[in-house]
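The chain is numbered in sequence order, starting from 1.
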Amino acid sequence: MKVIVFLLVIFLMTGVRVVYSNSSNAADLIFTHGNIITMDDALPRAEAVAVKGGKVVYVGTSQKVMELAGEYSEVIDLQGLTMIPGIHDAHIHALEAGSEVGGNCWLEAKSLKGLKPELLSCLRKQKGTDWLLAYGHQLETLLEGTEDPRGLLDSWVSDRPVAVMESTSHSIWVNSRALAAAGIKKNTKDPDGGIIMRYSDGVNAGEPNGILLETAGEMVFDLALQPNSTAAAINYEGLQWVMDELPQYGITSIADARVYWKRGWLEVWKKAEKNDDLTVRVNLGLWAYPNEEDERQIEFLKKQYRFDPERLMQINQIKIYSDGIIHNTTAALKEPYRLSLYGVPPTGLNYFDEQRLSKYIARLQPSGYDFHIHTIGDRGVHEALNAIEKNYPENPGHRHRLTHVEMIDNEDMPRFAKLNAIADMQVAGDYTLPENYHWQELYLGERAFHAYRLKDLNDSGAHYILSSDWTVNDLNPFVGIHNAVNRGHQSISVQQALKAYTLGAAYVMRSETRAGSIKTGKEADLVVIDQDILSIPPKAIKDTKVLLTLLSGEITYQSKAF
């Protein structure tokens, strides 16, 4: 593990001293006079922590902890600052966030006219692929305009394939060269979990119109991001940037929620581990490709499983999609949408239907895999719970989870606790706040105002966690905690939200006995912040700043303000 900021710097800080005495039990590092929020029910609050060999060896009083001070022990007086356990973000897209393959070029314009110069400027940023790639357009801008999506993109760029990913990643806007490269024609059938949007009338009726939903778009990006040596080097550099970024937000453990192994991403992660470049504990979620032949894919995934508590990186999760998203009308619903996009079934679609999802769980959970299942619509949630239930007798100790869970039917709410199914919700985006639910009303009607039932999950006894889904939402966990406690009748307490980002999420990663709370014997994954989030006004939580982050007692981030 590479230490980004060395402890030597701390010697110069006010309130730090080195104690010289002899003791075989002496701690390496001692924090005193702090406000320690431990997330340990046996000792919820403390004022001092001692660390030796990367592990917590004492939690208690400032007076008592000094009995562990020995030769060269570093003693840091927190002067009342708050310390919490390391944050566990169990759903981020780390390598996707950092990779510059294709230029990682984001479009900001809200109009089609404004998109053209931005997209053309992306040409000079392209690297690692022959395609022109960009991100961030709004699907509504294309659908509400009078322009022909494919024809418009052809008029801008015609000498190479172009693919522009929507900000949610669930639709792709392509030109004719991209369609040809993917072999998508008038008679091409929609792939499993995808929709090839088409012209509805005129001379081009039935022809692809340049908008690809869900897996249809993913298949195009798989072509654009085929592995090569240049792309691998760029991906690795991007992952190193992410490793610097995460500790700045107090994050010490992550689950990368979509490792596209056919793009060479698994090798990039393994290289980072081998080179000692990881600054967080990592659980990889290998992507289950909806259009890959089942037997071949299952056998490949079986061979990749690895879980070793002594290593920073585990390969022990499968990321699999049940459905799509609301504003593409592809999330799987029990009752039809009020309005569906052209070509999309009235109750949405499945990447993996219930039977196939159950098959993957049955075949891969004996290897040790936990499933990370994308479920947004109430039908998607229901079917995923059914798939878990079918396999529950063989594996009642599983850590399978449903992520997003934006819509949960009343009949399914108690099933989370009954089936030990974990609910993983993301509320860091302001669009998830109740005052902003109206954006879904067009598609869902009254159902739009019964989404993100966070408190209902808590009251049902479910094991729930909070995560970011970065880069879709803000990476900052204190924004997520702020939104979790400021959402009207679906609010939870700050203590509950903090647990959902620490000890609760550690359970998902099978590391709750090693991390997630500040307790004797656990890893010294510690974070110092500038305010006590349990006592300040809830509206101020999002302004919390991280001052110091440690992983196993080693500093991975130190603010200039500390």
Side-chain angles (χ1 to χ4, degrees), residues 39 41 88 90-91 253 255 257 281 283-286 288 294 298-299 301-309 314-323 352-375 378-405 408-425 453-454 456-467 496 499-500 502-517 522:
M39 303 310 297
D41 290 341
H88 289 59
H91 184 148
S253 295
R281 305 183 194 283
N283 289 62
L284 297 184
L286 299 183
D294 286 344
I298 287 170
E299 288 306 312
L301 294 172
K302 279 183 179 180
K303 295 176 183 176
Q304 308 312 310
Y305 177 82
R306 188 183 80 196
F307 186 80
D308 179 357
Q314 317 301 333
I315 308 174
N316 66 330
Q317 296 184 4
I318 299 293
K319 180 63 180 295
I320 195 164
Y321 273 34
S322 170
D323 63 354
F352 284 78
D353 62 21
E354 180 182 320
Q355 181 178 2
R356 193 174 177 213
L357 177 56
S358 178
K359 173 184 178 180
Y360 270 68
I361 294 174
R363 294 286 301 278
L364 289 171
Q365 69 177 10
S367 299
Y369 279 113
D370 294 316
F371 276 70
H372 183 178
I373 310 171
H374 171 112
T375 56
D378 52 8
R379 178 167 63 85
V381 169
H382 181 75
E383 292 171 349
L385 289 172
N386 288 349
I388 291 173
E389 185 170 27
K390 289 176 182 177
N391 295 282
Y392 183 75
E394 286 73 35
N395 188 19
H398 70 83
R399 307 283 174 94
H400 304 324
R401 61 169 151 151
L402 278 60
T403 194
H404 302 307
V405 290
I408 306 173
D409 193 276
N410 285 336
E411 71 168 318
D412 287 317
M413 188 64 73
R415 299 179 69 199
F416 283 90
K418 179 182 178 181
L419 298 173
N420 190 37
I422 301 157
D424 173 18
M425 189 176 287
R453 300 175 61 183
L454 182 56
D456 289 346
L457 278 167
N458 175 76
D459 293 347
S460 75
H463 186 125
Y464 65 91
I465 67 169
L466 295 171
S467 59
Q496 290 164 341
K499 181 179 180 181
T502 54
L503 189 59
Y507 177 84
V508 172
M509 302 182 191
R510 293 189 177 268
S511 63
E512 75 279 6
T513 61
R514 306 188 307 280
S517 62
K522 285 194 169 185

In this structure, CD1 of I388 is separated from CG of L402 (nearest 0.5 Å) by 5.0 Å
Check whether any side-chain heavy atom of R281 sits under 4.5 Å from a side-chain heavy atom of S511, and report yes or no.
no
Can you confirm whether more than 12 heavy atoms, excluding those of Q355, are under 6.0 Å from its CD atom?
no
Pairwise distance CD1(I408) to OG(S460) - rounded to 0.5 angstrom:
8.0 Å
With side chains defined as the heavy atoms from C-beta onward, is the minimum distance between D370 and R401 less than 4.5 Å?
no
Any chance you could measure N420, atom CG, to H398, atom NE2, to the nearest 0.5 Å?
4.5 Å
Is any side-chain heavy atom of M509 closer than 4.5 Å to a side-chain heavy atom of Q314?
no
Using every non-hydrogen atom in the two residues, find where F352 and A288 come nearest and quote the distance to one decimal.
CE1-O, 3.5 Å
Run the numbers on L286 and Y369 for side chain to side chain contact (heavy atoms under 4.5 Å, CB included), then give the verdict.
CA-CA 10 Å; L286 299 183; Y369 279 113; 3.7 Å; yes
Can you tell me how far CE of M39 sits from OG of S517, rounded to the nearest 0.5 angstrom?
8.5 Å
Check this for me: K302, atom NZ, are more than 12 non-hydrogen atoms of other residues, nucleotides or ligands nearer than 6.0 Å?
yes
Going through the checks in order, is the side-chain hydrogen bond (donor to acceptor under 3.5 Å, both in side chains) test met by S358 and N386?
CA-CA 8 Å; S358 178; N386 288 349; over 6 Å; no
State, to 0.1 Å, how close E512 and K522 come at their nearest heavy-atom pair, and which atoms those are.
O-NZ, 2.7 Å
Between I320 and L357, does a side chain to side chain contact (heavy atoms under 4.5 Å, CB included) hold up when you go through it step by step?
CA-CA 8 Å; I320 195 164; L357 177 56; 3.7 Å; yes
Any idea which heavy atoms bring A417 and G461 closest together, and the distance?
CB-O, 3.7 Å
T375 side chain near H404 side chain, heavy-atom distance below 4.5 Å:
no
Does the side chain of T403 come within less than 4.5 Å of H374's, by heavy atoms?
yes
Close side-chain approach of V381 and D409, heavy atoms under 4.5 Å
no
Assess whether side chain to side chain contact (heavy atoms under 4.5 Å, CB included) is satisfied between I465 and H91, documenting all intermediate values.
CA-CA 10 Å; I465 67 169; H91 184 148; over 6 Å; no
Start with the C-alpha gap between L364 and Y305, add the side-chain angles, then the distance that decides, and say whether side chain to side chain contact (heavy atoms under 4.5 Å, CB included) holds.
CA-CA 9 Å; L364 289 171; Y305 177 82; over 6 Å; no
So with a 6.0 Å cut-off around CG of D41, is the heavy-atom count from everything else above 12?
no
Compare every heavy atom of H463 with every heavy atom of G504, then report the nearest pair and how far apart it is.
O-NE2, 3.0 Å
Residue pair L385 / A421: nearest heavy atoms and the distance that separates them:
CD2-CB, 3.8 Å
Residues, nucleotides or ligands: over 12 heavy atoms within 6.0 Å of K499 NZ
no
Nearest-0.5 Å distance, CZ of residue R363 to CD1 of residue I298:
4.5 Å
E383 and R356 ion-paired at < 4.0 Å
no
Does Y392 reach the side chain of K418, with side-chain heavy atoms less than 4.5 Å apart?
no
Identify the heavy atoms of G516 and A506 that sit nearest to each other, and give their distance.
CA-CB, 4.0 Å
Determine whether a donor-acceptor pair (N or O, by modelled atom type, separation under 3.5 Å) exists between the side chain of N391 and the backbone of A387.
yes
Pairwise side-chain contact, H400 with I361, heavy-atom cut-off 4.5 Å (strictly under)
yes
Separation between CD (Q317) and CG (L284), nearest 0.5 Å, reads 8.5 Å
